[in-house]
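A, B, ... follow the sequence lines: proteins, then strands. Residue 1 opens every chain.
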Amino acid sequence: MSGFSAPGCGTLRAADVGRRVELYGWVARRRDHGGLIFCDLRDRSGRVQVTFNPATAPAAHATAEGLRAEYVVRVGGTVQRRPEGSENRALATGEVEVAAVELEVLSVSRTPPFPIDGEREPEESVRLRYRYLDLRRQRMQHILEVRHRVNRITRDYFDRLGFREVETPILTKATPEGARDFLVPSRLYPGRFYALPQSPQQMKQLLMVAGVQRYYQIARCLRDEDLRADRAAEFTQLDLECSFCDEEDIFEVIEGWIAELWREILGVEVARPWPRLSMSESLLRYGTDKPDLRCELEIADVGEAVARTEARVLRSALEAGGVARALAVPGGMDMSRRELAELEALARGAGGAGLTWLPGPLDRHLSLEEQARLQEAAGARPGDRLLLVADRKRRAERVMGLLRQEVARRRGLVKEGAWRFCWIYPMMLFEEDDQGNLTYGHHPFTRPMEQDLHLVEERPYEVRAHAYDFVCNGYELGSGSLRIHDRALQERVFEILGLEAETIRSRFGHLLEAFEYGVPPHGGIAPGLDRIVMLLCGTDNIRDVVAFPKTQSMQDLMMDAPSPVDPAQLRELHIQVAPEAVSGALPRP
RNA sequence: GGUCCCGUGGUGCAGCAUGGCCCAGCACGCGGCCCUGUCAAGGCCGAGAUCGCCGGUUCGAAUCCGGUCGGGACCGCCA
């Protein structure tokens, strides 16, 4: 018995009428009429109706009486046209049915914990606990297929462009900067640890030194940071790097790739070239580095308009060196006090000093002239409501960005069905961290723009970088840069970042040494495949596009990981667990 | 590290603000019987939850309070 070449249940059509077939699949539903029994048989290709007739196939019919949901069966029978009037147009196979002659139960099933074809999804924890059943659902099968096709199209595309797929290590070295590492204890070297890669960043640069010229990899990346709806601890990047390129080459390659994915999978032509938006412009107008351009709303700087205001809330923020930003909500005069209060709560939740609005509580503190200037600066039209935030720049931007998103969502201002790609470019080489210290914007290997090099020491925050993100509909899909390929410049950047000579040597010595042996100028990018599949599948949750995902708190509810390990295993690894940690054993999910 | 939402038979939901009318309601599913053209088959009958867990308030708690566990969304974090 081999069903390897059997036709898929969902593939049978009128053209197959008269064919003798053997089908393998799961019982999706059974309808027992006392005499005739109908059974919908399902596999990944779809479903088809099987009939068991006691008059013509008594043995099969008798067996069919015992069928239950999710039994795995083999059915032998003949494809026949359904009787006139009993076709089911909702089903791709609805013109035909299989008259069963033979039925063999290959595997029985307990009643599943949730219906496989239910229109409502069970709660996330139930889905994850029984992921193998969750994946049986048509929606999940579709996602698995899309993901497979994305991988295949991607490999074809980059192969055509002369890229070579190279694998890089999973056991590598810890890098204290950046995200938190996942560590792997070394058995042979007590007290030493490998780290799982946050990305193959340094490896791919070394591959450029190695003369690979064009590299790509569908690479797993692991970061031990807190999760979000679009962020998993382990995720997949299309990692790529090429030699002798500039950003225009990268843009062309990526736009072409995305266009091909969208065309092949959605049948959609993506408009090109994509617009470019500098980072500072994006932060000002959209309040985020990943703007959703499906919404026209724009944030305005209104610092000038209220520069000499008497209103305390605005004044104190401005005097402290902050900014004032406004968002004109079209027709927002109809916003209820309750709605405004909810937005205010959102602003506070994001750490903002507060939110005010016009018309609103601020009216009597602002002169009519100031109000007019504000309306003008914000581009407000009659009937609009102005949302106003005065705060430190970073916070004001973040709060405004969240407000813009929320207002757009509530008022239906997001153009559904649109695909709005853009490049965030250029970006700044350095940023200020929370403590006010200088840090890198993208990563420490990013190449400064040549014309700004003279500012590196004196006014580092003004140095632009050959760094870029690409964004679609509010999702950051990929991030990249041209890299420094000059040892002296790389060392200068490390020094500006405040790294000690010894730190530089121990962490990046191999890279700097490699840079002494002839380095091609190079650059690359790393698109997040999970998020791209999310967009292609119309889901807003990264767990949906991963076969076996973990929860937000990083547990695997199916495997029950992480788990305690045998003390002998720990001894072998020279690991001793702190006593207070041992008592905090995880509950069985 | 923090904020917020959710947890009621197998699944999805109602009940919770105004505690007693609830030893908890509905739909689906499940079990039995009937039924030869259904496809969310139909009809009849039936089983199944002490309301995540612990504690408190109260004459009385699914309902109020505290804690805890689990799931989710977000802020911080994510080169």
Which whole number of Å gives the distance between the [atom1] atom of [N] and that of [M]?
N     : M     : atom1 : value
B:A27 : B:U38 : P     : 24 Å
B:C22 : B:G43 : C1'   : 30 Å
B:G71 : B:U11 : C1'   : 16 Å
B:C53 : B:C69 : P     : 15 Å
B:C51 : B:A62 : P     : 7 Å
B:U3  : B:C13 : C1'   : 27 Å
B:C23 : B:G29 : P     : 28 Å
B:C26 : B:A73 : C1'   : 29 Å

For the pair made of [atom1] in [X] and [atom2] in [N], what is the distance, rounded to whole Å?
X        : N     : atom1 : atom2 : value
A:Arg31  : B:G43 : CZ    : P     : 15 Å
A:Arg81  : B:G37 : CZ    : C1'   : 17 Å
A:Glu65  : B:G31 : CD    : P     : 14 Å
A:His33  : B:G43 : NE2   : P     : 12 Å
A:Arg392 : B:G76 : CZ    : P     : 12 Å
A:Glu121 : B:C28 : CD    : P     : 21 Å
A:Leu355 : B:C75 : CG    : C1'   : 17 Å
A:Leu402 : B:C4  : CG    : C1'   : 14 Å

*To the nearest 0.5 Å, what is the distance between OH (A:Tyr461) and CD (A:Glu431)?*
9.5 Å

Is the shortest side-chain N/O distance from [X] to OP1 or OP2 of [N] below 4.0 Å?
X        : N     : answer
A:Arg228 : B:C75 : yes
A:Arg543 : B:A73 : yes
A:Gln49  : B:U38 : no
A:Thr51  : B:G37 : no
A:Arg348 : B:C75 : no
A:Arg29  : B:A41 : yes
A:Asn53  : B:G37 : no

Closest to the [X] side chain: [options]?
X        : options             : value
A:Glu97  : B:U38, B:G71, B:G32 : B:U38
A:Arg120 : B:C77, B:U11, B:C13 : B:C13
A:Asp226 : B:C77, B:G12, B:C74 : B:C77
A:Thr551 : B:U11, B:C39, B:G72 : B:G72
A:Leu36  : B:G37, B:G72, B:A40 : B:G37
A:Pro83  : B:G37, B:A73, B:U11 : B:G37
A:Arg82  : B:G37, B:U36, B:G72 : B:G37
A:Gln555 : B:C78, B:G70, B:G31 : B:G70

Counting the atoms with a prime plus P, OP1 and OP2 as sugar-phosphate, which does [X] contact under 4.0 Å by heavy atoms, base, sugar-phosphate, or nothing?
X        : value
A:Asp117 : nothing
A:Thr439 : nothing
A:Ser86  : base
A:Glu87  : base
A:Glu124 : sugar-phosphate
A:Gln552 : base

With a 3.5 angstrom cut-off on both distances, give the Watson-Crick or G-U wobble partner of [N], or none if there isn't one.
N     : result
B:C59 : B:G20
B:C35 : none
B:G76 : none
B:G70 : B:C6
B:C30 : B:G46

*Toward the 5' end of RNA chain B, which comes first, A:Gln202 or A:Val126, by nearest nucleotide?*
A:Val126

*A:His443 or A:Ser125, whichever maps to the more 5' nucleotide of RNA chain B*: A:Ser125

*Could you pull out the closest heavy-atom pair between A:Val79 and A:Asp16, with the gap in Å?*
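In terms of heavy atoms, the two residues are closest at CB-O, 3.4 Å.
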
_Which residues pass the ring pair (Phe, Tyr, Trp, His ring centres under 6.0 Å) test with A:Tyr468, not counting sequence neighbours?_
A:Phe251

*Taking A:Arg127 for its side chain and A:Asp544 for its backbone only, find out whether a donor-acceptor pair lies under 3.5 Å.*
no

_Check: A:Asn53 side chain, A:Ala55 main-chain N or O, donor-acceptor pair, under 3.5 Å_ = yes

*Checking only heavy atoms, does the side chain of A:Asp40 share a donor-acceptor pair with the base of B:C39 at less than 3.5 Å?*
no

Answer with yes or no whether the side chains of [Y] and [X] bring together a donor and an acceptor at under 3.5 Å.
X        : Y        : value
A:Gln80  : A:Thr78  : no
A:Gln202 : A:Arg507 : no
A:His522 : A:Arg447 : no

*Evaluate the ring planes of A:Trp423 and A:Phe470, with Trp represented by its six-membered ring, and classify them as parallel (under 30°), tilted (30 to 60°) or perpendicular (over 60°).*
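Answer is tilted, since the angle falls between 30° and 60°.
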
*Return the stacking result for B:U38 and A:Phe38: yes when the ring centres lie under 5.5 Å apart and the planes under 30°, no otherwise.*
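Whether judged by distance or by angle, A:Phe38 passes, so it stacks on the base of B:U38.
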
